[in-house]
Amino acid sequence: MPNLFRALPSVDACLSALEHADPALIAATPRPLLRELANRFLDARRDDIRQGRLTDPERLGMDALLPQLAAFAERESGPRFRRVLNATGVVIHTNMGRSVLADEAVDAVLKACRGYSNLELNLATGERGSRYSHVEDLLCKLTGAEAALVVNNNAAAVLISMDALCSGGEVVVARGQLVEIGGSFRIPDVMERSGAALREVGCTNRVHPQDYENAINERTAALMRVHTSNYRIVGFHTDVPVEELAEIAHRHGLPLIEDLGSGSFLDFSGSGLPGEPTVRSVVAAGADVVTFSGDKVLGGPQAGIIVGTKAVIDTIKRNPLNRALRIDKMTLAALEATLRLYLDERLARKRIPTVAMITATPDELKRRASRLASRLRKACGDRAVIRLVPGESRVGGGSFPENALPTTLVRVEPAACAPERLKQRLLDTTPPLIGRLEDHAFLLDPRTLADAELPDAARAVASALHQTI
Ligand SMILES: *Cc1c(COP(=O)(O)O)cnc(C)c1O
């Protein structure tokens, strides 16, 4: 066995063999990282020898090991955070980065970070300006609110609103709205962090105006409504509408805070989805503070948008948490570009990928599915049976939880392996492809694949099928 260890090449020999085999990889990878990879590769081979998996000295030389080493270096040297193909049909997929940005937003990000900017510079006076001024007017125009503020995400928006308006006081909220959003974001926990005490009213399925009235006392700081984004109470159920709750709040001199969750500027009822309230309608109904995510149905970057009345928003702006939760220049650039598209609804529907994916028509999806299927047939040959089947997509991100969107799925039934194995293999292709398993097959939903991604998707599936044989 000691002889076998000695048959392995040195780290330097590995590096120079790699340099020969793949000069581009060597040029693009920091030298210390390559050295570490060569060491890890050789350690794994030493382990193979110890475990009796490598016994033939012929297989331990540089020539024999190079293909395996090159593949290992290629796989391990790239960035960990990378592009994946989303073939799940879940449009707002938190694990895959939620919204894909519009080209306009991507261009704006590039411009914002390639050079200096007027991030906090007022070009009219040459004095210090506010980073929010760039989007505040747009947000007011699009929602009808008097003032606006943007922070890191919607969880932060809820936190700072509560901290600024309710700390040390009580917030009245319906029991059925004390939700956990996922990723352990629980509304009651955030409220407690802000130093506000929660005053739960009503029952899980019903709450009445009188419940709020009865709960209001001298310690009450605000009334709050939380959009039950990711679940629905169906059946025997009542809720107090925003208008009515705003009226109660204002009669007692209190603000009404509404956490809208997704928060849309558009009405999606034309796409077979229920008419969710738009941000504008909630502002018009009298909510003093409305918070929502930038990267859910809105289709922009991660952000927590807060709109409302000037007096209340000013109080939130002065809160010290504002500095801790502020957005960076890249987010600001992407958000402004996305909001500008909303100034023209037709443009928003066409140019913002999240909106376009949600509103894609069944015909459009069927055509894209056909194109993907013929590419797959060509690339996979007889290694799989490819068919089109009707199916359903989801909006995701806790939005429209009950509503499925009709789509056409591409069904891949591998000839020589289980579909589970194909799914597993696809996690390791370049780029990785994420799809669904259903009905003894692997399924791709064209709703969340861009036209430009179809060739990559077909290549990934073909290469994964190839490896499984
Ligand atoms: C998604 C959601 C949040 C959290 O928003 P993030 O932008 O992910 O921080 C808060 N409240 C509701 C109702 C939500 O749906």
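Just so we're clear, the structure is a prediction, and the values are computed from it rather than from any experiment. All ligand and atom numbering here is 1-based and tracks the order in the structure.
- Judged by distance alone, the side chains of Gln177 and His227 never bring a donor and an acceptor atom under 3.5 Å apart.
- Where the criterion is an N or O separation shorter than 3.5 Å, residue side chain and backbone included, Ser262 fails it with respect to ligand 1.
- For ligand 1, one of its N or O atoms has an N or O atom of Ala155 under 3.5 Å away.
- In terms of polar-atom proximity, defined here as any N/O pair under 3.5 Å, Asp295 makes no such contact with ligand 1.
- Using a 4.0 angstrom heavy-atom cutoff, Lys296 counts as in contact with ligand 1.
- Expressed to the nearest 0.5 Å, how far NE2 of His208 lies from CG of Asn214 amounts to 11.5 Å.
- Backbone and side-chain nitrogen or oxygen atoms of His227 are examined, and none is located within less than 3.5 angstrom of a nitrogen or oxygen of ligand 1.
- Heavy-atom minimum distance, Asp211 versus Val201: O-CG1, 3.6 Å.
- Asp363 and Thr361 are not linked by any side-chain donor-acceptor pair at a separation below 3.5 angstrom, with hydrogens and angles left out of the test.
- Smallest separation of non-hydrogen atoms from Val172 and Ala215: CG1-CB, 3.9 Å.
- The contact set between ligand 1 and Gly261, taken as ligand atoms under 4.0 Å from a residue heavy atom, comprises 12 (C), 13 (C), 14 (C), 15 (O).
- Side-chain polar atoms of Asp445 and Thr407 form a donor-acceptor pair below 3.5 angstrom.
- Across the listed options Asn152, Val151, Leu159, Asn154, Asn154 owns the non-hydrogen atom lying nearest to atom 10 (C) of ligand 1.
- For ligand 1 and Arg98, the ligand atoms under 4.0 Å from any heavy atom of the residue are 6 (P), 7 (O), 8 (O).
- Heavy-atom proximity to Ser293, at under 4.0 Å, picks out these atoms of ligand 1: 5 (O), 6 (P), 7 (O).
- The shortest distance between side-chain heavy atoms of Leu139 and Leu339 falls below 4.5 Å.
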